[in-house]
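Below is one structure; the comments refer to it alone.
Both counts, for ligands and for their atoms, begin at 1 and track the order of listing.
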Amino acid sequence: MNLPFNAYFQGKIVPYSEAKIGVLTHALNYGTAAFGGIRAYWNADIEQLFIFRPHDHYRRFINSARLLCIDLDDTPESLTQSTVELLRADNYHRDVYIRPLAYKSDELIGVRLHDLNYAISIVAIPFDRYIKNDTSAHVTVSSWRRVDDNVIPARGKISGAYVNSALIKTDAARAGFDEALVLTQEGHVSEGSAMNIFIVKEGILVTPPVTENILEGITRKSVIELARQELNLEVVERPVDRTEIYLCDEIFLTGTAAQVTSVTKVDHREIGNGVMGPITSGLRSLLGDVMRGKVAKYRQWNTPVYADETQTKAFEAAAASNPK
Ligand code: PMP
């Protein structure tokens, strides 16, 4: 993986090589950091880079930090502005992944959350597919359990909690699977290692509710809205049993990195008729257009990076000609 060109670090944009922290930094030793994962999509037709739902991502980022007793001075708007400036400095003309981090920055010994300083960094790197086999993924049910709200809150994107995701992912990969689903302590389906899950049963879209130790995904939220508004689908948020996933018609995973990944096999059992189903493929292509700023109705989800006037006008015209 290539390193980023620049970093937003200590309040300004610096070359990435200058964004350095000491080995005693609290967050590095104790996992006391909150992070985000945002994508920006290049729209080649109008030569514009669009950040997807940055305000929603940064609202979650600020809340994740609050769980660590970090009260950020920044707002979703100011963090989005810093991200735009960083992407302009990097001058990317391709899809990228953006990683903001709010971390306990003191260099000292002592496990706690209070009486510590924090710092923020943001970097962006070129990024394409996260799950190679995203049209027919084979997943397993992990033997690990999802971190519980009363252990480390999964609704925060908290660095230390990602050891849980890493354990899940590595065991799945070493056993030859593309991904894994993880169950709650009670044995309900929670999510994937870094993605939410949807199943389709008799035309209804079902996904675990926010009380099942999931991260409240921005892609999940987008898919729910698109499914209801554009595909007229019923979407139900309710606990999902393990064997429901063996017997449903379609399964897909959603996430900023994973986008909409079709799952066609779980633990060697074929799902539906063993290929990507029509609801999964419909949502994949609709969300793909929306994320690239090609659908007028959802343009408020796309923040342009290169806001020069000609491009903005061209964008308006392109969006108006595709009014979904
Ligand atoms: N669950 C977990 C554990 C994740 O890390 C992610 C990725 N951020 C998601 C779900 C999907 O969230 P989003 O759609 O906001 O990327």
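Here the protein heavy atom with the shortest distance to atom 8 (N) of ligand 1 is Lys157 NZ, 2.8 Å. At the shortest separation from atom 16 (O) of ligand 1 among protein heavy atoms lies Thr256 OG1, 2.6 Å. The closest protein non-hydrogen atom to atom 10 (C) of ligand 1 is Glu191 OE1, 3.3 Å. Nearest protein heavy-atom neighbour of atom 5 (O) of ligand 1: Tyr162 OH, 2.5 Å. With hydrogens left out, the protein atom closest to atom 14 (O) of ligand 1 is Thr219 OG1, 2.5 Å, a heavy atom.
Selection from Gly217, Ala161, Ala194 by nearest heavy atom to atom 9 (C) of ligand 1 gives Ala194.
Within the listing of ligand 1, atoms 11 (C), 14 (O), 16 (O) sit less than 4.0 angstrom from a heavy atom of Gly255. Ligand-side atoms of ligand 1 in range of Leu215: 1 (N), 2 (C), 4 (C), 6 (C), 8 (N), 9 (C), 10 (C), 12 (O), range being under 4.0 angstrom from any heavy atom. Residue contact check: Asn196 has heavy atoms under 4.0 Å from atoms 10 (C), 11 (C) of ligand 1.
Using a 4.0 Å cutoff on heavy atoms, Glu216 does not count as a contact of ligand 1. For Arg60, the closest heavy-atom approach to ligand 1 falls below 4.0 Å. Taking a 4.0 Å cut-off on heavy atoms, Ala257 fails to register as neighbouring ligand 1. Not a single heavy atom of Arg53 lies less than 4.0 angstrom from ligand 1.
Glu179 and Ser193 form a side-chain donor-acceptor contact under 3.5 Å, judged by distance and modelled atom types alone.
With a heavy-atom cut-off of 4.0 Å, Arg146 touches ligand 1 through its side chain alone. Within the 4.0 Å heavy-atom criterion, the part of Ser193 lying near ligand 1 is the backbone and not the side chain.
Remark: Thr256 engages no residue in a side-chain hydrogen bond (donor to acceptor under 3.5 Å, both in side chains) (not counting sequence neighbours).
In this structure a side-chain-to-backbone donor-acceptor pair under 3.5 Å is present from Asp90 to Asn6. For the pair Lys201 (side chain) and Leu247 (backbone), a donor-acceptor distance under 3.5 Å is present.
Cation-pi check for Arg39 over Tyr97 is not met; the charged atom does not lie both under 6.0 angstrom from the ring centroid and within 45 degrees of its normal. Judged by the 6.0 Å distance and 45° axis criteria, Arg94 is not positioned over the aromatic ring of Trp42.
Aromatic ring orientation, Phe61 versus Tyr58: perpendicular (interplanar angle above 60°, classes split at 30° and 60°).
A single hydrophobic cluster is seen to contain both Tyr103 and Val14, as judged by linkage of ILVMFWY side chains at heavy-atom distances under 4.5 Å, directly or through other members.
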From CA spacing to verdict: side chain to side chain donor-acceptor pair (under 3.5 Å), Gln81, Glu77: CA-CA 6 Å; Gln81 189 50 36; Glu77 290 71 29; over 6 Å; no
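Here Tyr118 and His26 keep their ring centres 6.0 angstrom or further from each other.
Taking distance alone, with nitrogen or oxygen atoms compared against 3.5 Å, Ile218 approaches ligand 1 more closely than that limit.
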